[in-house]
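Protein chains get the first letters and strands the later ones, always in sequence-line order, with residue 1 at the start of each.
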2 protein chains.
Amino acid sequence: MDRQQSGRNLTQQLVHVLGAAIANGRYRPGDGLPSEASLCDEHGISRSATREAIKMLTAKGLITSRPRQGIRVQPRARWNLFDPDVLGWILNASPSLEMLREFLQLRMAIEKEAAALAAADQDRQKVAAIGAALQQMKEAEEGLRDPVEADIAFHINILNATNNPFYVQLGSFIETALRVSIRFTNRIKGVETASYANHKKLFDAIDRGEILAARAASGAMQAEALALIEGELDRREIEGSVATA
Amino acid sequence: MDRQQSGRNLTQQLVHVLGAAIANGRYRPGDGLPSEASLCDEHGISRSATREAIKMLTAKGLITSRPRQGIRVQPRARWNLFDPDVLGWILNASPSLEMLREFLQLRMAIEKEAAALAAADQDRQKVAAIGAALQQMKEAEEGLRDPVEADIAFHINILNATNNPFYVQLGSFIETALRVSIRFTNRIKGVETASYANHKKLFDAIDRGEILAARAASGAMQAEALALIEGELDRREIEGSVATA
DNA sequence: GGCCCATTTATTTGTCATATTAATCGATTG
DNA sequence: CAATCGATTAATATGACAAATAAATGGGCC
């Protein structure tokens, strides 16, 4: 294993190599990974480093290891999907439209309520942070800033403004997934074109403490994105059946 | 460290000891933990086992460790709250009413949409599993079964019936939190008394594919529980201010 | 004299190598 | 059929050295 690489230590490098390999299906649930000894040989590192990597993957729910049985991949239901690393490996392995839809279905739930909670809580400082991100989105429309970063910041700041640690924690989850899915949806259509107006409407509702309006505005935005994906899924299905007919 | 204890190996024992200590505030964010060497001494185990425990806690986002700086507790926003271990440590450390409310605010978001998705997806086999859990709740009312287990199974099965891996994964999260919070709310009032009727209404809506009704029924149940907690919070606040007056 | 920057030093984790122990699956044998 | 034995694999222990880096140190400059 390349020792100079990427500022990460050997253990972390191996964690990412194995995590990605598991996520992309090179090792499948139920399958065994190579034994500790083999992994040491394959990557040219010591047992300590190897074992520590295995322990980290175990902690994230991807594998188990027991004497005599070796190291096995856990069923996907045991993976900690909400761990940013795990999510990143999965999304980078296969950023499918199906998974994108599933992700949006979750955002639909989370962000609608988050908007409502933020509107209810009225933490002025954190609401201001949402406004700042909105301003950056406007500047991005004029080409002065990175539109992706501004968009992400907007959504993260809403979660922060709930002052609910569970929602705040979901920020890192949504950020990871958003980076992948934005790259993905931008290929389909100009998803984020008319987005500033929508985002402003949502911000105004939160700012004024209009709980129902905030929930509705958030839901509308998510529903729009979801409809786009589901339309694309339908289209591909029809194309597929025509092609095979 | 007691080597015969609890079927867990030394590393896992230390993980749980330290995880619990961090969650209950013995070590606070920003603070340093004892060095590797000290931890070995304190617990009477080798450096290998100690280091592997540290790596597992690192993987869960609770700590970082760097040469010369030592081991430090991460800010809470970095903790993987959705890791069942982490959540368990936190809830067992301080099952406060505030956190219970925050948890319910999250369930409100998740389970409402999950009910809608389950109603839309109409996976007959998984809907039947919800029905089976409901039946167990009925039997539990007559004292034939454990009411807590049946209640949990009901909610988990709705998440499974979404066929969305993100919602499915949240099952283990909600299960962990539910076990604690049920123990907690039962002390306050007979929360789960009239619950069978509510649960049946929700099940029927999912079973018939009535998306809006399913979302509404789930929302109503959650809102009821939430109102109870918030009422209790208000009551205690008033009592507190009277007491200090 | 006091301040800033380069250098050194000391501490702590990172990595390696090797030996031994414990758990467990499968075969063997009474 | 059951108890036992053997082989395989991870679990634990130990000791050594390397690398990273925070803090102390000292030298040069204003």
Side-chain angles (χ1 to χ4, degrees), chain A residues 1-19 21-22 27 29-74 78 85, chain B residues 1-19 21-22 27 29-74 78 85:
Chain A
M1 181 163 294
D2 185 356
R3 311 179 98 68
Q4 308 310 326
Q5 174 188 320
S6 71
R8 289 205 282 241
N9 63 31
L10 292 180
T11 300
Q12 288 171 335
Q13 287 179 44
L14 184 55
V15 165
H16 279 265
V17 168
L18 292 180
I22 291 170
Y27 304 111
D31 278 12
L33 265 69
S35 68
E36 279 184 15
S38 312
L39 288 173
C40 296
D41 288 350
E42 287 173 24
H43 299 90
I45 60 178
S46 73
R47 264 194 82 195
S48 320
T50 304
R51 281 184 57 80
E52 284 166 18
I54 289 169
K55 289 298 177 186
M56 294 188 82
L57 291 171
T58 302
K60 290 173 184 299
L62 266 63
I63 58 178
T64 56
S65 76
R66 289 167 52 197
R68 172 76 216 213
Q69 187 187 64
I71 307 163
R72 302 175 89 108
V73 179
Q74 290 269 64
R78 304 290 293 274
D85 287 335
Chain B
M1 182 162 293
D2 184 355
R3 309 179 100 68
Q4 309 309 327
Q5 175 187 318
S6 71
R8 288 204 284 238
N9 63 32
L10 291 180
T11 300
Q12 288 171 334
Q13 288 179 44
L14 183 56
V15 165
H16 279 265
V17 168
L18 292 180
I22 292 170
Y27 304 111
D31 279 11
L33 265 69
S35 67
E36 282 183 13
S38 312
L39 289 172
C40 294
D41 288 349
E42 287 174 24
H43 300 90
I45 61 179
S46 72
R47 234 188 118 192
S48 324
T50 304
R51 279 183 58 82
E52 285 165 17
I54 288 168
K55 289 298 175 185
M56 294 188 81
L57 291 171
T58 302
K60 291 174 183 299
L62 266 64
I63 58 178
T64 55
S65 78
R66 289 168 52 198
R68 172 76 217 211
Q69 189 188 63
I71 306 163
R72 302 177 88 107
V73 179
Q74 290 270 64
R78 304 290 293 273
D85 286 335

Write down the distance between CG (A:Asn9) and P (D:dT21), rounded to a whole number of angstrom. 11 Å
In whole Å, I'd like the distance from the CG atom of B:Leu39 to the C1' atom of C:dT13. 12 Å
I'd like a table of atom pairs between the protein and nucleotides 17-20 of chain C - only N or O on both sides, under 3.5 Å - with the distance next to each one.
residue : atom : partner : partner atom : Å
C:dA19  : N6   : A:Arg47 : NH1          : 3.4

For A:Ala21, the side-chain contact (heavy atoms from CB on, under 4.5 Å) test, sequence neighbours excluded, returns A:Arg26, A:Tyr27
Euclidean distance, atom CD1 of residue B:Ile71 to atom P of C:dT11 [Å, nearest integer]: 17 Å
Do B:Leu18 and B:Leu39 have side chains that approach each other closer than 4.5 Å (heavy atoms only, starting at C-beta)? yes
DNA chain D contacts made by residues 51-70 of chain B, counting heavy atoms under 4.0 Å: B:Arg66, B:Pro67, B:Arg68
Please determine if a side-chain N or O atom of B:Thr11 lies less than 4.0 Å away from the OP1 or OP2 oxygen of D:dT12. yes
Considering residues at least two apart in sequence or located in another chain, which fulfil the side chain to side chain donor-acceptor pair (under 3.5 Å) criterion with B:Glu36? B:Arg47, B:Arg51
Measure the shortest side-chain to side-chain distance between A:Leu57 and A:Val15 over non-hydrogen atoms and say whether it is less than 4.5 angstrom. yes
Contacts of A:Ser46 that satisfy side chain to side chain donor-acceptor pair (under 3.5 Å) - sequence neighbours left out: none
Nearest whole Å is fine: how far is D:dA10 P from B:Leu10 CG? 18 Å
Just the rounded figure in Å: distance from P of C:dT12 to CG of B:Asp41. 12 Å
B:Leu33 has an atom CG; how far is it from atom C1' of C:dT12, in whole Å? 14 Å
Using the salt bridge (Lys or Arg N to Asp or Glu O under 4.0 Å) rule, collect all pairs that involve residues 9-18 of chain A, keeping only residues at least two apart or in two chains. none
From CZ of A:Arg72 over to C1' of D:dT9, roughly how many Å is that when rounded to an integer? 13 Å
Contact list for residues 56-71 of chain B, test side chain to side chain donor-acceptor pair (under 3.5 Å), sequence neighbours left out: B:Lys60-B:Asp83, B:Lys60-B:Asp85
Between B:Ala49 and A:Glu36, just flag the one whose closest nucleotide in DNA chain D comes earlier from the 5' side. A:Glu36
